[in-house]
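This structure is a prediction, so every number in the text was calculated from the model and none was measured. Proteins get letters first, then strands, A, B, ... in listed order; numbering begins at 1 in each.
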4 protein chains.
Amino acid sequence: MNISKAGDDGTPRSAGSGHDERRARTQRAVLDATRELLAENGFGNLTVEGVAARSGVAKTTIYRRYRSKNDLALAVLLDMVDEVSTQPYAADTWSELVSLVDRTVELMCTSLMGLVMKGLVSEVAADPELARVYRDRVVSHRLADVSALVERGISRGELRADLDSEMVTDLLLGPIYYRFFLSGAAMDDGFGQRLVTTLRPSFAS
Amino acid sequence: MNISKAGDDGTPRSAGSGHDERRARTQRAVLDATRELLAENGFGNLTVEGVAARSGVAKTTIYRRYRSKNDLALAVLLDMVDEVSTQPYAADTWSELVSLVDRTVELMCTSLMGLVMKGLVSEVAADPELARVYRDRVVSHRLADVSALVERGISRGELRADLDSEMVTDLLLGPIYYRFFLSGAAMDDGFGQRLVTTLRPSFAS
Amino acid sequence: MNISKAGDDGTPRSAGSGHDERRARTQRAVLDATRELLAENGFGNLTVEGVAARSGVAKTTIYRRYRSKNDLALAVLLDMVDEVSTQPYAADTWSELVSLVDRTVELMCTSLMGLVMKGLVSEVAADPELARVYRDRVVSHRLADVSALVERGISRGELRADLDSEMVTDLLLGPIYYRFFLSGAAMDDGFGQRLVTTLRPSFAS
Amino acid sequence: MNISKAGDDGTPRSAGSGHDERRARTQRAVLDATRELLAENGFGNLTVEGVAARSGVAKTTIYRRYRSKNDLALAVLLDMVDEVSTQPYAADTWSELVSLVDRTVELMCTSLMGLVMKGLVSEVAADPELARVYRDRVVSHRLADVSALVERGISRGELRADLDSEMVTDLLLGPIYYRFFLSGAAMDDGFGQRLVTTLRPSFAS
DNA sequence: GACTAAGCGAGACGGTACGTCGCGTCTTAAA
DNA sequence: TTTAAGACGCGACGTACCGTCTCGCTTAGTC
């Protein structure tokens, strides 16, 4: 039944017991099932019982790891976030900014990430503990990405030296989330380009 | 305010009988209780039974008017939105923009509106019907406010003529909501001023 | 408004108000609707709201006359009982007995009476007030019928002189109700004949 | 950490699965509570919520086993029926018949059985499914008892050979139920004796 | 090569809230 | 005065999922 003795599948295998592998397999089954259900029915209709049924993992086992539905959804979110690679370098800063915006838009609009975010945003906004984790694991990474980009842009002489990275992040991501969560306005292929073009006079040195 | 509006939702009838007054009183009790609970516990923890208990209105009566929790929350949201006045004129466009940002920040951070929004944003984002109503009743009003402001700014010669009102709205409100919902960054008194100052080169003619 | 001073339709007419006629019409509508619903859905599914809807009479009006569902059902029962004629004379006592049994069987099995009885028997059995009225209006009439029949039989010399009418009633009707309510055994055309034939040695002088 | 398997908490630990035992305890708690409430308030006032409160068993658990109030009441009825022993032998058939009648009367008039029967008779009469179960579990047993008794009586030479057991059952039980449900006539100690005495000429060989 | 212990499945359970049904009361307005 | 219309408080319904618990079974790694 269990074949791969030599876990070369990327599953973390510490010096500890071989139980780890079993744990990891269960983990994957749960997260995958959760992600699927999230995609199919939305966050509001996600149920632990459903996840248990879909994943073949006992409800008890799920509760052994995630204290609540939110915990579970958060785990899925973080699981997905980990897959998001950092921004690549581009020829000039403006292209990097457009790329950052477009990648974010695509992430929200085409992957499950968007669906999960829609379902979790209220929780993140309202639950301080969840908010803390979200900031540590997501917001701060994004801010770090933008900071690095801004630093490079300044040293390249393309961006004004007094630019505040946090404000830049707000101005790049805020419009995306506002449209995505509230206004519902479409974000087509040219959105990133237009946004950055609009902002360029404010950012340029 | 509790006068029946253009009759598009919670106030399904007219036929002005004496029952209307009773209806109206019940309506207020329900909406007030819902708003309070929404602010206290968030949408996820809002329960119709809780609303019934808090408002003194029977659960059945609530269900007679609102088919679901979403319906109820929506009614509260619209009830609150009606209280938000449009933006006032100011000496120059930049002041008007700062005022608009500051007013929005204050609305979100000091009134119940912010808590309600935190609780409802996931629902608005996920439920198409709710989204539609929210856009019709809130987003479009905000856009109209900004459009008027932009028009004035252009005719005053302060704003560039090709400015897109929707983009302006995104850039003014997006950062606020991003901070409010996700990043958790504080928005102090100078926030509006700094935001508008940053954006000025992009907006100015 | 149609006022008929000369109410000669059997409707009770006191001070000669036309209201009486209106009352009577309402009464009939309610009782008819109740009987129909009783037959269709059984007592357990009888609802005052249903009666109001079916009869076109306001719920309030029904409550003005019948304090409870039982009251209403009882009224229907009595209304039907009044339609049941007393037993006719026959050539000999045995034929009269067979006739009495057969008529009762037919009444229960083919008319609405049976369905109403099935629905009401629990209420009659459990509610002392209803039981009292049922006995006064139904049981006692049946006993009187049987008593008269027994008296005649004795004076004809066909029945033993010490026959207890109540016991006779029990032995004639008990089997019918037992089958009808509980055992579910069929009662075909020959049932009355067989029952009376079986009992004849016990009853004969 | 391993505590002795021998139950030290007062809970008996038998060979069976622990779940079974728990189930059984829950079952008893529910049936007992139901029977008590039935006795105290009658069938009409029996509520599943009441049973849950009285028994300490969660409402959901009750619904996991009994689909409806009737199901529950039926279970109580069958639970009681199982306790009713079959008729004992007596010196002669007539005594056995009297005993059968008297035992039935006592069962109906002094135990909870009567109360439950009063409450359920309408349901049994009206609901085909319930009727089927009732016949399988109760009526048929009673008929079997009487059949055996009649067989013995015939072979003893006390009863006529052509006696129909079903008719005998009707004549013995019908009067009891008729009085119990409808006529309300008392059934004192001598009732069985009088009934059998009346019927003797019809039954005797 | 049995022993130990962790991970797990199974599922009964107490509990909260759901959204619904029907009750019986009350108020108003029309006939 | 009687009725129709209908809002309302209320109690219970039967359901969905929650999160907890106890029970054995399986599966390593250890003695």
Chemist: Tell me what D/Gly56 touches on the nucleic acid: a base, only sugar-phosphate, or nothing, going by heavy atoms under 4.0 Å.
Modeler: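 Here D/Gly56 touches the backbone only, sparing every base.
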Chemist: Send over the distance from C/Asn41 CG to E/dG22 C1', rounded to a whole Å.
Modeler: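 To the nearest whole Å, that distance equals 14 Å.
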Chemist: At less than 4.0 Å, is any side-chain N or O atom of B/Tyr63 found next to OP1 or OP2 of E/dT20? Yes or no.
Modeler: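 Negative; the distance criterion is not met.
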Chemist: Output the rounded distance in Å from CD (C/Glu49) to P (F/dA4).
Modeler: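 Whole-Å distance recorded here is 15 Å.
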Chemist: Looking at E/dA12, I'd like to know if its phosphate oxygens (OP1 or OP2) sit under 4.0 Å from a side-chain N or O belonging to D/Thr61.
Modeler: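 Negative; the distance criterion is not met.
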Chemist: Send over the distance from C/Leu46 CG to E/dC21 C1', rounded to a whole Å.
Modeler: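 Taking atom C1' of E/dC21 as the reference, CG of C/Leu46 is at 14 Å.
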Chemist: Does E/dG19 have OP1 or OP2 under 4.0 Å away from a side-chain N or O of B/Thr60?
Modeler: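 No, outside the criterion.
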Chemist: Run B/Thr61 and B/Arg64 through side chain to side chain donor-acceptor pair (under 3.5 Å) and show every step you take.
Modeler: CA-CA 5 Å; B/Thr61 298; B/Arg64 276 176 195 124; 3.3 Å; yes
Chemist: Side-chain contact, heavy-atom cut-off 4.5 Å: B/Arg54 with B/Glu40?
Modeler: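 They are in contact (side-chain heavy atoms under 4.5 Å apart), so the answer is yes.
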Chemist: With a 4.0 Å cutoff (strictly under), does any side-chain N or O of B/Arg22 reach OP1 or OP2 of F/dA7?
Modeler: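 B/Arg22 to F/dA7 OP1/OP2: no side-chain N or O under 4.0 Å.
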Chemist: Over how many whole Å does the gap from D/Arg65 atom CZ to F/dT15 atom P extend?
Modeler: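 Interatomic distance, CZ of D/Arg65 to P of F/dT15: 16 Å.
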Chemist: Take the protein atom CG of B/Leu72 and the nucleotide atom P of E/dC18, then report the distance between them rounded to whole Å.
Modeler: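 It is 10 Å, rounded to the nearest whole Å.
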Chemist: For the side chain of D/Lys59 and the base of E/dG14, is some donor closer than 3.5 Å to an acceptor across the two?
Modeler: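 Side chain to base: no pair present.
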Chemist: Rounded to whole Å, please give me the gap between CG in D/Asp71 and C1' in F/dT15.
Modeler: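 So the CG-C1' distance, D/Asp71 to F/dT15, works out to 16 Å.
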Chemist: Run the salt-bridge test on A/Arg28 and A/Asp32 with the 4.0 Å N-O cut-off and return the result as yes or no.
Modeler: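 A salt bridge links A/Arg28 with A/Asp32.
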Chemist: Please round to the nearest 0.5 Å and tell me the distance separating atom CG of B/Leu46 and atom CG of B/Leu38.
Modeler: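 Rounded to the nearest 0.5 Å, the CG-CG separation comes out at 5.5 Å.
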Chemist: Mind calculating the distance between NZ (B/Lys69) and P (E/dC18) to the nearest angstrom?
Modeler: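 Whole-Å distance recorded here is 7 Å.
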Chemist: Quick one: label A/Arg64 by what it contacts on the DNA or RNA (base, sugar-phosphate, nothing), any heavy atom closer than 4.0 Å.
Modeler: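 If one applies the 4.0 Å heavy-atom cut-off, A/Arg64 turns out to touch a base.
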Chemist: Have a look at A/Phe43 and tell me which of A/Leu37, A/Asn70, A/Val121 forms a side chain to side chain contact (heavy atoms under 4.5 Å, CB included) with it.
Modeler: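 Considering A/Leu37, A/Asn70, A/Val121, a side chain to side chain contact (heavy atoms under 4.5 Å, CB included) with A/Phe43 is found only for A/Asn70.
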Chemist: Side chain of C/Ala58 only, please: which of F/dA5, F/dG19, E/dA10 is the nearest?
Modeler: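 Nucleotide nearest to C/Ala58's side chain: F/dA5.
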Chemist: When you match C/Gly50 and A/Val57 each to their closest nucleotide on DNA chain E, which lands nearer the 5' end?
Modeler: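 Checking each residue's closest nucleotide, the 5'-ward one belongs to A/Val57.
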Chemist: So does A/Thr26 get a side-chain nitrogen or oxygen closer than 4.0 Å to the phosphate oxygens (OP1/OP2) of E/dC8?
Modeler: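 For A/Thr26, the contact criterion (side-chain N or O under 4.0 Å from OP1 or OP2 of E/dC8) is met.
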Chemist: Let's see if you can work this out: which of E/dC8, E/dC18, F/dC8 has an atom nearest to the side-chain heavy atoms of A/Arg23?
Modeler: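 Nearest nucleotide to the side chain: E/dC8.
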Chemist: Write down the distance between CD (A/Gln27) and C1' (E/dC8), rounded to a whole number of angstrom.
Modeler: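 From A/Gln27 CD to E/dC8 C1': 14 Å.
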